[in-house]
Protein chains: 2
Amino acid sequence: MVLLVRAPAKSRERWQLPWRSLRPGETIDDEAAKLARKSLGTAPSLVEQVAAFGDKRRHPSGAELSVAFLALVDEETGEGVVGDAMWHAVEDLPPLPPRQRAMLEGVVTSLRSRLDQSPIAFHLLPSIFTLTQLQEIYELLLGRRLHKASFRRSLHAAWLVEPTDEWRSEGRGRPAQLFRYAPKKRRSGRRGVRFGA
Amino acid sequence: MVLLVRAPAKSRERWQLPWRSLRPGETIDDEAAKLARKSLGTAPSLVEQVAAFGDKRRHPSGAELSVAFLALVDEETGEGVVGDAMWHAVEDLPPLPPRQRAMLEGVVTSLRSRLDQSPIAFHLLPSIFTLTQLQEIYELLLGRRLHKASFRRSLHAAWLVEPTDEWRSEGRGRPAQLFRYAPKKRRSGRRGVRFGA
DNA sequence: ATGAATTAGTCGCGAAACGCGACTAATGTC
DNA sequence: GACATTAGTCGCGTTTCGCGACTAATTCAT
């Protein structure tokens with residue numbers, strides 16, 4: 001889901017991405033982190049610069065150039081959103097200013113395409129987790145279901161996790177083993193997680 | 001290879017990426033295209049925005065924010081470079097300002113990673129070309145050799161080219177068939193070019 | 001002429017990766 | 001004790017991949 005804020009009354013669209021103008025002397029990375037904290041009421045688990053947009057479609061503020069950042073929070077943290085901000089489903093968004101629409105699409109595409117190389121998903125989990133939890137995160141970010149056996153095979157081939165000796169029995173069903181994120185640095189030809197079904 | 005220009009005398013490094021400051025009222029896409037034309041003496045076959053850099057490492061001009069663009073020209077066109085600009089091998093570069101070093105690395109990585117989905121290579125070839133020419137472009141951009149049979153298999157699987165009925169006999173050896181870029185829009189599950197060996 | 005050299009293009013096999021249904025395992029519930 | 005529920009694995013048929021070896025068409029040297 002995407003966090004949107006109410007737009008000023010004069011805009012045609014009623015919602016916008018959270019944004020702020022760059023203050024002289026500040027770095028955009030710092031500014032983006034501050035904006036995320038302010039919009040969420042808490043610090044996100046990951047903030048990452050994605051792309052810059054500077055074409056004819058102008059930003060609502062009239063700015064020539066916009067730099068898009070991705071910030072991720074887990075569902076629980078997302079509940080504590082402050083002010084007039086509200087979460088919207090990515091597949092069902094209200095009208096947005098054209099450039100923001102493009103930025104959002106770019107961010108989502110970029111996120112999904114880098115998901116196999118970058119350990120983004122682990123930022124949304126506690127340090128110890130079950131493989132089912134991990135798979136659910138990937139399914140959420142990719143927007144589609146994955147096959148359990150195939151997911152685990154890719155995962156082990158990528159040497160990203162190692163088992164702990166703890167087990168979690170969460171209500172009914174067989175207890176799940178807990179894993180931690182522990183990428184093995186394969187010196188040559190390391191491979192990311194490949195997904196398919 | 002990368003086109004660098006001489007830095008002002010006061011800088012520690014002697015070379016820099018071509019750059020200019022954004023003039024109010026201009027779009028960065030337009031400005032980038034102009035800069036490329038001016039640096040090269042001719043229009044590049046492709047100009048593409050890649051990423052923005054705004055961390056602590058400052059641009060030589062002191063600017064807070066830098067937006068990196070990729071411009072590609074074929075070897076022949078590159079000969080006509082004007083002024084004090086000079087081509088340098090990507091694997092053997094002179095010292096650059098830190099942010100520019102990072103920008104360059106980002107651009108090259110991004111170029112290589114998107115090469116399988118985006119028809120970048122075709123911008124560097126005439127509209128009619130041989131498959132060996134195409135493979136050489138990919139090898140140049142990826143910085144490694146590819147296996148001929150595998151390359152052609154991936155290429156045909158991606159439905160990117162179609163044969164013409166023309167043949168080129170270029171000196172010795174068997175004449176090569178000429179192809180044109182003609183991507184088939186497979187409605188579902190289109191796949192890019194995959195490389196390996 | 002004839003054969004070596006050169007470049008283009010294809011075949012096919014062994015290995016690896018993938019998709020996926022079906023299986024076993026361990027727990028709670030009725 | 002049967003059954004539902006969740007975790008985890010196995011294995012088989014198919015596709016993809018890496019790559020050496022092959023055929024094809026031309027030029028060059030003798």
Side-chain angles (χ1 to χ4, degrees), chain A residues 112 115-117 121 125-126 128-140 142-180 184 186 188-197, chain B residues 115-117 121 125-126 128-140 142-180 186 188-197:
Chain A
R112 287 180 175 159
L115 204 52
D116 63 332
Q117 289 294 344
L125 288 173
I128 300 291
F129 48 84
T130 70
L131 295 189
T132 299
Q133 284 181 300
L134 182 59
Q135 180 175 345
E136 284 167 350
I137 294 290
Y138 273 101
E139 290 178 341
L140 214 54
L142 289 171
R144 60 192 168 91
R145 302 296 311 273
L146 300 174
H147 189 272
K148 184 173 48 162
S150 302
F151 176 76
R152 286 161 191 238
R153 185 172 39 194
S154 311
L155 197 61
H156 288 123
W159 294 92
L160 286 182
V161 297
E162 74 182 13
T164 70
D165 49 3
E166 295 180 63
W167 295 74
R168 166 178 309 163
S169 55
E170 181 124 13
R172 48 219 148 283
R174 171 175 171 175
Q177 189 168 15
L178 291 167
F179 290 75
R180 74 166 57 89
K184 286 273 187 306
R186 317 278 290 164
S188 66
R190 76 188 178 287
R191 52 173 305 186
V193 188
R194 301 237 188 122
F195 309 103
Chain B
L115 204 52
D116 64 331
Q117 289 293 345
L125 288 173
I128 301 291
F129 48 84
T130 71
L131 296 189
T132 298
Q133 283 181 302
L134 182 59
Q135 180 174 345
E136 283 166 350
I137 294 290
Y138 272 100
E139 290 178 340
L140 214 54
L142 290 170
R144 59 191 169 92
R145 301 297 310 273
L146 300 174
H147 189 271
K148 183 173 49 161
S150 301
F151 175 75
R152 286 164 191 236
R153 185 172 40 196
S154 311
L155 196 60
H156 288 124
W159 293 95
L160 286 181
V161 296
E162 74 182 13
T164 69
D165 49 4
E166 295 180 63
W167 296 74
R168 167 178 308 163
S169 55
E170 181 123 15
R172 48 220 148 284
R174 172 176 169 173
Q177 188 168 16
L178 291 167
F179 289 76
R180 72 166 57 89
R186 318 275 291 164
S188 67
R190 76 186 179 290
R191 53 175 305 187
V193 188
R194 301 238 188 120
F195 309 102

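Throughout, a chain's letter reflects where its sequence line sits, starting with A, and its residues are numbered from 1.
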If you assign each of A/Ala176 and B/Ala149 to its closest nucleotide in DNA chain D, which residue comes earlier from the 5' end? A/Ala176
Between A/Gln135 and A/Lys148, what is the shortest heavy-atom contact and its length? OE1-CA, 3.8 Å
For a 4.5 angstrom cut-off between non-hydrogen side-chain atoms, does B/Phe179 reach B/Leu134? no
Counting only heavy atoms from other residues, nucleotides and ligands, does the tally under 6.0 Å from CZ of A/Arg172 exceed 12? no
Using whole Å, what does the distance between atom C1' of nucleotide C/dG9 and atom CG of B/Leu134 come to? 15 Å
Nearest heavy atoms of A/Ile128 and A/Arg180, plus distance in Å: CD1-CB, 3.9 Å
Given atom CD of B/Gln133 and atom C1' of C/dG9, what is their separation to the nearest angstrom? 16 Å
Polar atom pairs between nucleotides 26-30 of chain C and protein, under 3.5 Å, N or O only, would you list them?
from	atom 1	to	atom 2	distance (Å)
C/dA26	N3	A/Arg174	N	3.4
C/dT27	O2	A/Gly173	N	3.4

Starting at OH of B/Tyr138, measure out to CZ of B/Arg144 and round the result to the nearest 0.5 Å. 12.0 Å
Nearest whole Å is fine: how far is D/dG20 C1' from B/His147 NE2? 7 Å
Between P on D/dG8 and CZ on A/Arg168, what's the gap in Å once rounded to a whole number? 11 Å
Residue B/Trp167, side-chain atoms from C-beta onward, closest of D/dG8, D/dC19, C/dG9: C/dG9
Whole angstroms only, please: what is the CZ-P distance between A/Phe151 and C/dA17? 18 Å
Side-chain heavy atoms of B/Thr132 within contact of B/Arg152, under 4.5 Å: yes
What is the separation between atom CZ on A/Phe179 and atom P on D/dA7, rounded to the nearest whole Å? 12 Å
Can you measure A/Arg152 atom CZ to C/dC18 atom C1' for me and round it to whole angstrom units? 17 Å
Taking OP1 and OP2 of D/dA7, is either one under 4.0 Å from a side-chain nitrogen or oxygen of A/Thr132? yes
Figure out the CD/C1' separation between B/Glu166 and C/dA8, and round it to whole Å. 17 Å
Ignoring hydrogens, what is the shortest heavy-atom contact between A/Thr164 and A/Gln177? Give both atom names and the distance. O-NE2, 2.9 Å
No-H, no-angle donor-acceptor pair, A/Arg153 side chain to D/dG8 base, under 3.5 Å: no
